[in-house]
Amino acid sequence: MSTEAHLHDIPGTTVFTGRQTRKGYHLNQFCMSLRHAENRARFLADERSYLDEWPMTEAQKRAVLDRNWNAALAEGGNIYFLAKIIATDGTSMSEAASAMSGVSVAEYTAMMAAGGRSPEGQRSIREGR
């Protein structure tokens, strides 16, 4: 099994490989545009029109519009860049991460305060272990 195949075998994890970097380039560039207040205002005023200025795939645009962070990661988004959208919305990273993890903010915060996810459990998608 190739190294990259091993990376895709980690349950619950999207590894930001070179392939993901290329796939998400325009999505991540859009995110970086939100560093500027005038771009944030334009985006929030008409999200679809602003997104249509970027050569992103429809799946990438849909992930942004739906604020589906797991889909955005799968489409090449990097959490560092996606954080620009999250901040533009006034959402905390704990709120976003809890939504991505499928737990409440309180459960996510408690898990992180306790050291993160347990290393016990499923370690391989392919092997089901």
Side-chain angles (χ1 to χ4, degrees):
M1 183 183 290
S2 73
T3 300
E4 192 160 318
H6 283 297
L7 297 175
H8 294 293
D9 192 42
I10 304 168
T13 302
T14 301
V15 180
F16 203 64
T17 62
R19 183 176 302 180
Q20 282 294 97
T21 300
R22 289 183 296 279
K23 182 178 183 181
Y25 178 80
H26 295 291
L27 168 58
N28 293 316
Q29 289 299 302
F30 148 72
C31 293
M32 289 302 290
S33 78
L34 299 178
R35 291 177 301 163
H36 304 287
E38 63 273 12
N39 291 339
R40 291 190 299 274
R42 287 183 54 227
F43 173 64
L44 292 173
D46 188 346
E47 294 183 6
R48 184 63 202 214
S49 290
Y50 190 77
L51 287 174
D52 285 342
E53 295 177 21
W54 296 88
M56 296 163 47
T57 67
E58 188 57 35
Q60 290 170 331
K61 293 175 185 181
R62 178 58 33 214
V64 171
L65 292 169
D66 293 345
R67 303 309 197 264
N68 183 335
W69 308 124
N70 289 327
L73 290 172
E75 291 300 320
N78 180 299
I79 195 63
Y80 170 80
F81 300 110
L82 296 174
K84 309 305 187 248
I85 307 169
I86 294 165
T88 295
D89 287 343
T91 302
S92 73
M93 288 305 294
S94 292
E95 290 170 313
S98 70
M100 293 168 70
S101 302
V103 298
S104 72
V105 174
E107 290 170 312
Y108 177 79
T109 303
M111 175 185 65
M112 294 310 289
R117 288 192 178 173
S118 169
E120 302 302 319
Q122 186 178 0
R123 309 300 292 167
S124 168
I125 295 169
R126 184 175 44 81
E127 295 176 13
R129 59 171 178 84

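None of the values given here were measured: they were computed from a predicted structure.
The structure places CG of Asn39 at 12.0 Å from SG of Cys31, a figure rounded to the nearest 0.5 Å. Rounded to the nearest 0.5 Å, atoms OH (Tyr25) and CH2 (Trp54) are 8.5 Å apart. Considering OG of Ser98 and CE of Met93, their distance stands at 10.5 Å, rounded to 0.5 Å.
Legend: residues meeting side-chain hydrogen bond (donor to acceptor under 3.5 Å, both in side chains) with Ser33, ordered by chain and number and at least two apart, are Tyr50. For Asp66, the salt bridge (Lys or Arg N to Asp or Glu O under 4.0 Å) criterion is met by Arg62, not counting sequence neighbours. Checked against side-chain hydrogen bond (donor to acceptor under 3.5 Å, both in side chains), Ser101 has the following partners two or more places apart in sequence or in another chain: Arg117. Not counting sequence neighbours, the partners of Asp52 by the salt bridge (Lys or Arg N to Asp or Glu O under 4.0 Å) test are Arg48, Lys61.
Judged by distance alone, the side chain of Glu107 and the main-chain N or O of Ser104 form a donor-acceptor pair under 3.5 Å. Under the 3.5 Å distance criterion, the side-chain polar atoms of Lys23 are matched with a main-chain donor or acceptor of Ala74. For the pair Asn28 (side chain) and Asn78 (backbone), a donor-acceptor distance under 3.5 Å is present. No side-chain donor-acceptor contact under 3.5 Å links Glu75 to the backbone of Ala59.
Taking all atoms of both residues into account, the shortest heavy-atom contact from Leu27 to Gly76 is CD2-C, 4.3 Å. The two residues Ala63 and Ala72 make their nearest non-hydrogen contact at CB-N, 3.6 Å. In this structure, Gln60 and Gly24 approach most closely via the heavy-atom pair NE2-CA, 3.8 Å.
Within the 4.5 Å cutoff, the side chain of Val105 has no heavy atoms near those of the Tyr108 side chain.
For Phe81 and Phe30, the ring centers are positioned 6.0 Å apart or more.
Residues Val103 and Ile86 are members of separate hydrophobic clusters, defined by side-chain heavy-atom contacts under 4.5 angstrom among Ile, Leu, Val, Met, Phe, Trp and Tyr. Both Leu65 and Ile85 belong to a single network of hydrophobic side chains, linked directly or stepwise wherever heavy atoms of I, L, V, M, F, W or Y lie under 4.5 Å apart. By the criterion of side-chain heavy atoms lying less than 4.5 angstrom apart, applied directly or through intervening Ile, Leu, Val, Met, Phe, Trp or Tyr residues, Met111 is not grouped with Met100; the two fall into different hydrophobic clusters. Taking hydrophobic clusters as Ile, Leu, Val, Met, Phe, Trp and Tyr residues chained together by side-chain heavy-atom distances below 4.5 Å, Val64 shares a cluster with Leu44.
The side-chain hydrogen bond (donor to acceptor under 3.5 Å, both in side chains) pairs that include a residue from residues 81-93 are Arg67-Asp89, Ser92-Glu95, where partners are two or more places apart or lie in different chains. Residue pairs that meet the salt bridge (charged side-chain N to carboxylate O under 4.0 Å, His left out) test with at least one member in residues 33-46, sequence neighbours left out, are Arg42-Glu53.
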### Test log, rule side-chain hydrogen bond (donor to acceptor under 3.5 Å, both in side chains), inputs Thr17 and Gln20
CA-CA 5 Å; Thr17 62; Gln20 282 294 97; 5.4 Å; no
